[in-house]
Amino acid sequence: MHAEDLLRRYLEQRRDQGENELVLDTLSVEDVMRLIGAARTSSKPDAPARAEDWRDTLRSSEADVRPPVSAESASAPVPTPSSTAIARDGIVVGSEGTELFGGELSQCHTLDDVSALIAACRKCDLYRTAKHPVPGEGSATARLVCVGEAPGASEDETGRPFVGQAGQLLTKILEAIKLSRDEVFIVNVLKHRPPGNRNPLPVEVDACRPYLIRQLEIIRPTVIVAFGTFAAQTLLDTKLSIGKLRGAIHRYHGIPVVVTYHPAALLRNPAWKRPTWEDVQLARRILDGVRK
Ligand code: URA
């Protein structure tokens, strides 16, 4: 079969399953249909949306096909960044190059040192119910650090961050901006699982925060991506929503911070995949030196 027909058939299937957003390269199904000159065929808008569409079929397309601006995004308080938009400056936490804290963590010079302290941590009660600490994993020289909320059941079982369903989506999101899990560092604000995946308590965040800070201090990445409300609000010391925080380059002790939706939220709400794609493209541009 001709490649164009294959692509059209693929797109029709996606549309019939209720997926109108491809997210990658800001192209929607309709955009690509127009691009390949495919005739519009019947769609079933009520079909259930599927979550696992982080495919890079169209990643190489350079076409300048922009989706129409919806009324919702037009009235949104924060401009949605496109691949060429200039992101505004955001919240600044701390100043560049300052030593963040002292104490025993200042004696930790490697990520393994920090992990050892985390494994022995008794500063809150989470260690009592957790099976394993989840200190984080990846490259000590990572240029991009992903910050999530807290380990879930799969992470608690394995001692590794983001290995469940949301983690698999995170891996695909990273691949979409040409990064493997090994190249980045993946970490959570909390290092032990809250029982039953309940929301982290302020006292737990306060106990755990120094570990994250020290990890960031050791890695000194080029960009941090905060996935989800909790990571964003903790890092940026704010109560603002993701909708208000995304689209800007915030600063955490001089390190640019990009805020986006949590992969678990994307599994529940596929409409957030497009903005998430735009946000991680912003992180990619920072890595590429296009934005600092
Ligand atoms: N959600 C998170 O925030 N972190 C994980 O490691 C897994 C799920």
Side-chain angles (χ1 to χ4, degrees), residues 51-52 54 111 114-115 118-119 121 124 126-127 129-139 142 144-176 179-216 219 221 223-239 241-242 245-246 252 257-270 272-273 275-276 279-280 283:
E52 67 279 14
W54 285 86
L111 294 172
V114 182
S115 297
I118 290 168
C121 183
C124 76
L126 289 181
Y127 77 93
T129 45
K131 291 185 180 155
H132 295 104
V134 184
E137 70 178 21
S139 166
L144 184 146
V145 170
C146 303
V147 180
E149 178 173 325
S154 311
E155 292 75 21
D156 188 37
E157 281 296 335
T158 58
R160 298 180 56 210
F162 279 101
V163 290
Q165 228 194 332
Q168 286 160 28
L169 184 52
L170 175 64
T171 305
K172 289 179 186 170
I173 292 170
L174 290 170
E175 284 168 358
L179 289 169
S180 68
R181 282 180 71 107
D182 293 346
E183 287 174 276
V184 303
F185 194 79
I186 302 175
V187 70
N188 287 303
V189 174
L190 292 195
K191 315 301 192 198
H192 283 103
R193 182 191 185 202
N197 294 348
R198 66 157 167 73
N199 287 339
L201 303 174
V203 64
E204 294 160 355
V205 177
D206 288 344
C208 242
R209 194 195 320 261
Y211 299 119
L212 176 62
I213 293 174
R214 190 61 181 161
Q215 287 169 317
L216 293 170
I219 299 169
V223 61
I224 298 166
V225 182
F227 285 92
T229 308
F230 190 78
Q233 293 184 343
T234 303
L235 275 176
L236 299 175
D237 197 16
T238 177
K239 291 281 172 230
S241 66
I242 294 285
L245 292 171
R246 58 176 295 277
Y252 187 78
V257 179
V258 172
V259 168
T260 195
Y261 295 101
H262 193 287
L266 300 186
L267 292 169
R268 292 191 299 271
N269 188 348
W272 286 338
K273 282 183 278 186
T276 302
D279 298 335
V280 294

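Small disclaimer: the values here were computed from a predicted structure and weren't measured. In listed order, ligands and their atoms are each counted from 1. What's counted below: heavy atoms across the whole structure, side chains too, no hydrogens, waters or symmetry copies.
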Rounded to the nearest 0.5 Å, what's the gap from CG on Leu245 to CG on Leu236? Could you check?
6.0 Å

What atoms in ligand 1 come closer than 4.0 Å to a heavy atom of Pro161?
6 (O)

Flag, side chain of Arg246 to backbone of Asp279, donor-acceptor distance under 3.5 Å:
no

Near Gly148 (heavy-atom distance under 4.0 Å), the atoms of ligand 1 are 3 (O)

Should the proximity of Glu155 to ligand 1, defined as any heavy atom under 4.0 Å, be assigned to the side chain, the backbone, both, or neither?
side chain

Is any N or O atom of Ala150, backbone or side chain, closer than 3.5 Å to an N or O atom of ligand 1?
yes

Can you measure from OH (Tyr252) to OG1 (Thr234) and round to the nearest 0.5 angstrom?
9.5 Å

Can you spot which of Glu204, His132, Gln215 makes a side chain to side chain donor-acceptor pair (under 3.5 Å) with Lys191?
Gln215

Gln168 side, atom CD; Thr171 side, atom OG1 - distance, nearest 0.5 Å
7.0 Å

Nearest neighbour in protein (non-hydrogen) for atom 4 (N) of ligand 1
Asn188 OD1, 2.7 Å

Quick note on ligand 1: atoms under 4.0 Å from a heavy atom of Glu149 include exactly 2 (C), 3 (O)

As an exercise, state the distance from CG of Asp182 to CD of Glu137, rounded to the nearest 0.5 Å.
8.5 Å

For His262, take its heavy atoms, then give the atoms of ligand 1 lying under 4.0 Å from any of them.
1 (N), 2 (C), 3 (O)

